[in-house]
Protein chains: 4
Amino acid sequence: MSGTLNKVMLIGHLGDEVKVHYFEGGGCIGRFPLATNETYTNRTTGEKVTNTDWHNVVVRNKAAEICEKYLSKGDKVYVEGRLKNRQWQGEDGNTRYTTEVHVQDFTFLSTKKESLATGQGGMENAQQNPQMAPQAAPMKSVEPAPAEETDQDDDLPF
Amino acid sequence: MSGTLNKVMLIGHLGDEVKVHYFEGGGCIGRFPLATNETYTNRTTGEKVTNTDWHNVVVRNKAAEICEKYLSKGDKVYVEGRLKNRQWQGEDGNTRYTTEVHVQDFTFLSTKKESLATGQGGMENAQQNPQMAPQAAPMKSVEPAPAEETDQDDDLPF
Amino acid sequence: MSGTLNKVMLIGHLGDEVKVHYFEGGGCIGRFPLATNETYTNRTTGEKVTNTDWHNVVVRNKAAEICEKYLSKGDKVYVEGRLKNRQWQGEDGNTRYTTEVHVQDFTFLSTKKESLATGQGGMENAQQNPQMAPQAAPMKSVEPAPAEETDQDDDLPF
Amino acid sequence: MSGTLNKVMLIGHLGDEVKVHYFEGGGCIGRFPLATNETYTNRTTGEKVTNTDWHNVVVRNKAAEICEKYLSKGDKVYVEGRLKNRQWQGEDGNTRYTTEVHVQDFTFLSTKKESLATGQGGMENAQQNPQMAPQAAPMKSVEPAPAEETDQDDDLPF
DNA sequence: TTTT
DNA sequence: TTTT
């Protein structure tokens with residue numbers, strides 16, 4: 001099937017901390033809300049209107065660990081991924097649907113934790129010596145990693 | 001405000017006809033479900049898995065009319081737009097949330113109606129002779145139109 | 001014709017100031033170089049390699065004025081647009097080709113000039129009272145404006 | 001480094017066959033020109049203008065082999081990748097610059113070779129029975145493959 | 001020529 | 001629930 005495209009690109013601010021759930025097998029999944037804003041001027045009233053959209057962002061495995069380590073509430077981030085519908089059972093027994101953005105790539109545009117987190121050599125170095133800083137690769141695009149991951153953990157339940 | 005980005009790009013097939021609702025003031029809104037597919041091979045079982053995601057696509061005004069006229073169930077289309085959360089009241093009184101893709105640009109990649117609609121020469125021709133098909137701009141990107149529209153009908157309720 | 005897509009999205013830093021050329025008819029065109037970086041680790045040597053790509057960014061009319069006013073060398077910006085090939089005559093009489101990114105949308109991600117440029121009310125205000133700050137709409141996405149412009153100045157020579 | 005984004009997305013038609021160069025080490029690189037069109041109506045004359053942009057598309061390794069096998073001149077394809085500047089020496093000794101689109105992902109939107117290549121069932125089938133068409137993954141997005149490749153052949157000279 |  |  002296919003010949004299809006499913007792509008989302010967002011720049012926004014985290015509305016909350018990254019929440020990571022670790023699986024027994026070693027994988028993990030992280031989630032955070034991301035806010036994007038739209039501003040326009042109402043034609044009739046002339047007043048400026050601001051509208052915020054909230055996106056359910058989902059990151060997995062190494063990407064989740066990196067986000068958990070370096071991103072905080074309020075930080076600005078670029079995320080790229082795909083839209084995914086997830087359905088779940090409400091307490092009333094009815095099926096509910098949620099749309100999530102499953103991240104394939106991201107770039108930090110601001111991080112509160114960054115300066116604290118790095119000593120000399122900083123995060124660049126962390127990438128070259130992953131054993132010394134296993135979860136780090138911040139402030140840079142992490143294209144290869146998530147791409148491989150989407151391929152590697154297909155047995156995870158989403 | 002802002003410095004944010006909210007962009008979705010999809011290539012998929014219509015799961016149903018375009019449903020258009022016309023407002024009294026002259027505007028209109030169209031909706032259709034769009035399917036994108038994802039295929040991957042399960043690591044453990046080795047079996048090929050296909051997963052379909054359905055997207056709630058929303059088009060407005062002239063774009064809605066063009067889509068209604070030229071798109072049919074099963075057609076393939078490229079749409080570009082922004083994610084929007086819409087909330088509504090369920091019959092049980094609870095608030096429900098739906099994520100929609102509000103279209104800013106689109107390109108038809110296949111249309112069943114095209115040959116019917118235009119005779120020989122098809123829609124390409126229709127574009128070259130707009131007086132013969134005044135409301136048509138099919139098989140081409142209609143960037144300017146939707147962009148202007150998002151600006152023009154901000155008093156519509158979404 | 002068409003059913004085609006031509007889209008570029010960049011986040012990068014200005015390598016120089018925005019240079020604007022004003023036409024007699026009232027339009028204008030601005031240009032600036034934008035740098036994007038790519039980092040990877042060489043497999044064989046293990047060394048980290050950084051590669052910079054330079055993009056010829058072109059903005060027009062109001063967008064050009066906004067960029068000229070608020071962007072400086074070193075600033076970070078998101079630009080979205082289309083690739084355009086331009087050919088010109090070299091001094092040796094041979095035809096040369098240059099690829100440009102013609103901007104349709106942009107978002108400032110950092111600006112040196114911003115705080116200097118705004119008094120109380122700041123740039124948000126400038127948008128609501130364009131007569132008081134005719135060329136301003138900084139730190140926000142200016143989607144509608146450039147979109148309309150691409151449509152309006154097609155008699156300009158590019 | 002980084003916090004930058006370099007992304008190109010094109011839907012266009014091949015202006016020529018895919019030309020692949022095989023390296024001794026086993027890797028390969030493929031190139032083809034891709035045309036995108038832009039149509040607009042000239043404000044002053046009212047005439048419809050069509051403008052074609054040509055893009056130098058570069059694919060590598062497995063992606064190059066797939067493109068060579070399934071794409072022909074005239075076929076429509078979606079490609080996603082990054083802009084890259086390449087410089088080379090002209091015959092006159094001067095340095096020339098070319099901008100290329102280095103593909104990270106692609107989706108076939110039409111292929112002439114497909115029916116020939118796979119008999120009934122077409123390429124969809126080929127995917128389901130990979131042993132019958134081992135190198136095929138056509139008509140589908142091949143995200144993982146190119147992503148891994150960009151990571152694997154960094155010792156190639158571009 | 002930018003940035004980290 | 002973010003940001004300007």
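What you see is a predicted model, and the numbers here were worked out from it, not measured in a lab. Lettering follows sequence order; numbering is per chain, from 1.
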Check your understanding: Strictly by modelled atom types, are C:T41 and C:E47 linked by a side-chain donor-acceptor pair under 3.5 Å?
Key -> no
Review point. To the nearest angstrom, how far is C:E17 atom CD from E:dT1 atom C1'?
Key: 11 Å
Check your understanding: Can you check the B:N85 CG to F:dT2 P distance for me, whole Å?
Key -> 16 Å
Exercise for review: Please state how far atom CG in A:L14 lies from atom P in F:dT3, giving the value in whole angstrom units.
Suggested key: 10 Å
**Study point:** Distance-only donor-acceptor test, C:T52 side-chain atoms vs E:dT2 base atoms, 3.5 Å
**Key:** yes
Review point. Which nucleotide sits closest to the side chain of C:W54: F:dT1, E:dT1, E:dT3?
Key: E:dT1
Check your understanding: Of the candidate nucleotides E:dT3, F:dT2, E:dT1, which contains the atom at the shortest distance from the side chain of C:P33?
Key -> E:dT1
Exercise for review: Take atom CG of C:D53 and atom P of E:dT2, then tell me their distance rounded to the nearest Å.
Suggested key: 15 Å
Point to revise | Partners meeting side chain to side chain contact (heavy atoms under 4.5 Å, CB included) with A:N56 (sequence neighbours left out) | key: A:T98, A:E100
Practice item. Taking side chain to side chain contact (heavy atoms under 4.5 Å, CB included) as the test, write out the residues that go with D:E80, two or more places apart. Key: A:L5, A:K7, A:E80, D:K7, D:M9, D:Y78, D:D105
Exercise for review: Give a yes or no answer on whether the side chain of C:S110 reaches the backbone of C:K76 with a donor-acceptor pair at less than 3.5 Å.
Suggested key: yes
Check your understanding: For C:N51 and E:dT2, what is the distance between atoms CG and P respectively, to the nearest whole Å?
Key -> 15 Å
Point to revise | Sugar-phosphate, base or nothing in reach of C:T36, heavy atoms under 4.0 Å | key: nothing
**Study point:** Rounded distance (Å) that lies between atom P of E:dT1 and atom NE2 of C:H55
**Key:** 18 Å
Practice item. Among E:dT3, F:dT1, F:dT3, find the nucleotide with the atom closest to the side chain of A:N37. Key: F:dT3
Check your understanding: Roughly how many Å is it from CD1 in A:I11 to C1' in F:dT4, rounded to a whole number?
Key -> 15 Å
Point to revise | Nucleotide E:dT3, atom P - distance to CZ of C:F108 in whole Å | key: 17 Å
